[in-house]
Amino acid sequence: MSVRELVVLGTASQVPTRHRNHNGYLLRWDGEGILFDPGEGTQRQMLRAGVAAHDLNRICVTHFHGDHSLGLAGVIQRINLDRVPHGITAHYPRSGQRFFDRLRYATAYRETVDLTEAPVDIDGTVAVTPAYTLRAHRLSHPVESFGYRLTEPDGRRMLPDRLAAHGIKGPDVGRIQRAGELNGVRLEDVSEVRRGQRFAFIMDTRLCEGVHALAEGCDLLVIESTFLDDDEELAVEHGHLTAGQAARAARDAGVRHLVLTHFSQRYTDPEEFERQARAAGYAGELTVAHDLLRVAVPKRR
């Protein structure tokens, strides 16, 4: 059975706390696993969450601040130690190639896995598979940072009443799906477009065009909300978002399920992030993330 869910491995910004690990997020998309921003301690969090190295197919790093990338060394070495039987692709800002190189070869180990480096330097498509297209979009942070957006291809939803009206049933339903036509009846006559699901991952950034482009129409949006609204000046200064800013961006983009994360250690009441997000007008499903949380991608409409 296919599984589409977000596994939250860590939610702290800058430094881990007693209750929050450095960042780390695994998106399970059917049979594939995409690991986003493995901060320090990600390998151990994977163990606690029941995530194996074999589950990984792709690694996406938004930028090379430590809380988003220090776990790369351990994760890459674990992939090789466990002899993952398939290749893995790593995406990251090309401007941080020297940091990726240092983390990839931080210590001695035996390489057993084909790890393909696919650095990002412009907005656009970075990967196309039968299951999804992955795009990157530049964000606004003191170091170069990219967000990622996954889009499933549109499909078609069969309409039982139209199938019945044309006398199509049983094996013929599969035949018209595969061929696009059956005895003069077109697939379009008995089905409608089923929009593909959309997921976006937005970390350290100020409000910018990239935030809105990545969030547009998402079923599930994971976005940083480092600061509360009273500290908006600090957010702008350090290249971050507040809870209200993130929520308004999600509201305007029509996001169905908003996941707030990447919280400053200065705050002790997680519920205040939800209160401010609601006050900003976001009315969809809302989750204030905590470590080891699992969030299902919303079912198709």
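Scope of the values below: all heavy atoms of this structure, side chains included, with no hydrogens, waters or symmetry mates. Each residue takes its place number in the sequence, starting with 1.
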For this session: Give the ring-plane orientation class for F227 versus H238, where under 30° counts as parallel, over 60° as perpendicular and anything between as tilted.
Result: parallel
| message | Could you check whether any side-chain heavy atom of L35 comes within less than 4.5 Å of a side-chain heavy atom of Y25, counting everything from C-beta outward? | response | no
Correct closest heavy-atom pair for E188 and R162 would be O-NH1, 4.2 Å
Treating R294 as the side-chain partner and V7 as the backbone partner, does any N or O pair qualify as donor plus acceptor under 3.5 Å? no
* When you measure from the side chain of N23 to the backbone N and O of T11, does any donor-acceptor pair fall under 3.5 Å? -> no
Self-check item: Other residues, nucleotides, ligands: >12 heavy atoms within 6.0 Å of N183 CG
Solution: no
Notebook entry, point to check: Using 4.0 Å as the upper bound for N to carboxylate O, is an ion pair formed by R157 and E192?
Noted result: yes
The single option from K299, R149, R198, R195 that satisfies salt bridge (Lys or Arg N to Asp or Glu O under 4.0 Å) with D219 is R195
Closest non-hydrogen contact found for A73 with A106 is CB-CB, 4.0 Å
_Between L258 and E285, is there a side-chain heavy-atom distance shorter than 4.5 Å?_
no
Using modelled atom types and a 3.5 Å cut-off, is there a donor and acceptor pairing between side-chain atoms of T129 and backbone atoms of A131? yes
Check the surroundings of atom NE2 in H19: do more than 12 heavy atoms from other residues, nucleotides or ligands lie under 6.0 Å from it?
no
Side chain to side chain contact (heavy atoms under 4.5 Å, CB included) test vs E224 passes for just one of D204, D37, V211, namely D204
Heavy-atom nearest pair, N57 first then G31, reads OD1-O, 4.0 Å
| query | Should L72 and F64 be marked as a side chain to side chain contact (heavy atoms under 4.5 Å, CB included) after you check the CA-CA gap, both sets of side-chain angles, and the distance that decides it? | reply | CA-CA 10 Å; L72 269 171; F64 284 99; 4.1 Å; yes
Checklist line | More than 12 heavy atoms from other groups under 6.0 Å of CD on Q14 | finding: no
*asked:* Any side-chain to backbone donor/acceptor pair from S13 onto F263? Under 3.5 Å, distance only.
replied: yes
Parallel, tilted or perpendicular for F100 and Y92, by the 30°/60° rule?
parallel
Practice item. Kindly indicate, with the supporting measurements, whether the criterion side chain to side chain contact (heavy atoms under 4.5 Å, CB included) is fulfilled by T116 and D114. Key: CA-CA 6 Å; T116 299; D114 180 17; 3.9 Å; yes
Exercise. Without hydrogens or angle criteria, can the side chains of T17 and Q265 be said to hold a donor-acceptor pair below 3.5 Å?
Worked result: no
When rounded to the nearest 0.5 Å, the distance separating CD of E216 from OG1 of T151 is 11.0 Å
- Query: Is the count of non-hydrogen atoms from other residues, nucleotides or ligands lying under 6.0 Å from R275 atom CZ greater than 12?
  - Reply: yes
Backbone of A12 reached by a side-chain donor or acceptor of N21 within 3.5 Å: no
From the list Y148, W29, Y132, F36, ring-ring contact (aromatic ring centres under 6.0 Å, His included) partner of F199 resolves to F36
Quiz item: So R135 and L150, side chain to side chain contact (heavy atoms under 4.5 Å, CB included) or not? Walk me through it.
Solution: CA-CA 6 Å; R135 292 179 58 84; L150 181 150; over 6 Å; no
Next item on the list: Would you indicate whether R194, at its atom CZ, is surrounded by more than 12 heavy atoms from other residues, nucleotides or ligands within a distance under 6.0 Å?
Entry: yes
Non-hydrogen side-chain atoms of T107 and Q77 separated by less than 4.5 Å:
yes
Assign the ring pair H240 / H141 to parallel, tilted or perpendicular, where the plane angle (0 to 90°) is split at 30° and 60°. perpendicular
With a 4.5 Å limit on heavy-atom distance, are the side chains of V84 and L56 in contact? no
Residue pair I34 / H91, side-chain heavy-atom distance below 4.5 Å
no
Between N80 and T112, is there a donor-acceptor pair closer than 3.5 Å when you use the side chain of the first and the backbone of the second? yes
- prompt: Within a strict 4.5 Å, meaning less than it, do heavy atoms of the I176 and I168 side chains meet?
  reply: yes
Separation between OG1 (T261) and CD1 (I223), nearest 0.5 Å, reads 11.0 Å
L286 vs R278, side chain to side chain contact (heavy atoms under 4.5 Å, CB included): CA-CA, chis, key distance, verdict
CA-CA 9 Å; L286 173 62; R278 293 301 188 193; 3.4 Å; yes
With a 4.5 Å heavy-atom cut-off, do R256 and L220 have their side chains touching? no
Only residue of D121, I122, V120 satisfying side chain to side chain contact (heavy atoms under 4.5 Å, CB included) with R94 is D121
Exercise. Is any NZ, NE, NH1 or NH2 atom of the basic residue among R104 and D101 found under 4.0 Å from an Asp or Glu carboxylate oxygen of the other?
Worked result: no
> Under the 3.5 angstrom rule, does the side chain of Y282 hit a backbone N or O of A249 as a donor-acceptor pair?
Replying inline: no
Should V190 and M158 count as side-chain neighbours, where that means a heavy-atom distance under 4.5 Å? yes
For R156 and S191, the nearest pair of non-hydrogen atoms, with its separation, is NE-OG, 2.7 Å
- Message: Is it the case that the ring center of H262 lies less than 6.0 angstrom away from the ring center of H68?
- Response: yes
Between the side chain of Q45 and the main-chain N/O of L9, is any donor-acceptor distance below 3.5 Å? yes
d(R138 CZ, H63 NE2) to nearest 0.5 Å is 14.0 Å
One should read off an interatomic distance between E209 CD and L139 CG, to the nearest 0.5 angstrom, of 10.0 Å
Rounding to 0.5 Å, atoms CD (Q276) and CG (L260) come to a distance of 10.5 Å
Closest non-hydrogen atoms of Q43 and G74, given as atom of the first, atom of the second and distance, are NE2-O, 3.5 Å
All heavy atoms of V113 vs all of I79, minimum pair found to be CG2-O, 3.4 Å
Under-4.0 Å salt bridge between R4 and D30: yes
Is D82 paired with R78 through a side-chain N to carboxylate O contact shorter than 4.0 Å?
yes
Ring centres under 6.0 Å, that's the criterion: do F146 and F201 meet it?
no
Legend entry - Test of ring centre spacing under 6.0 Å for Y267 and F273: yes
* Begin from the C-alpha positions of Q97 and E117 and carry the test side chain to side chain donor-acceptor pair (under 3.5 Å) through to its verdict. => CA-CA 10 Å; Q97 183 68 53; E117 298 180 9; 3.1 Å; yes
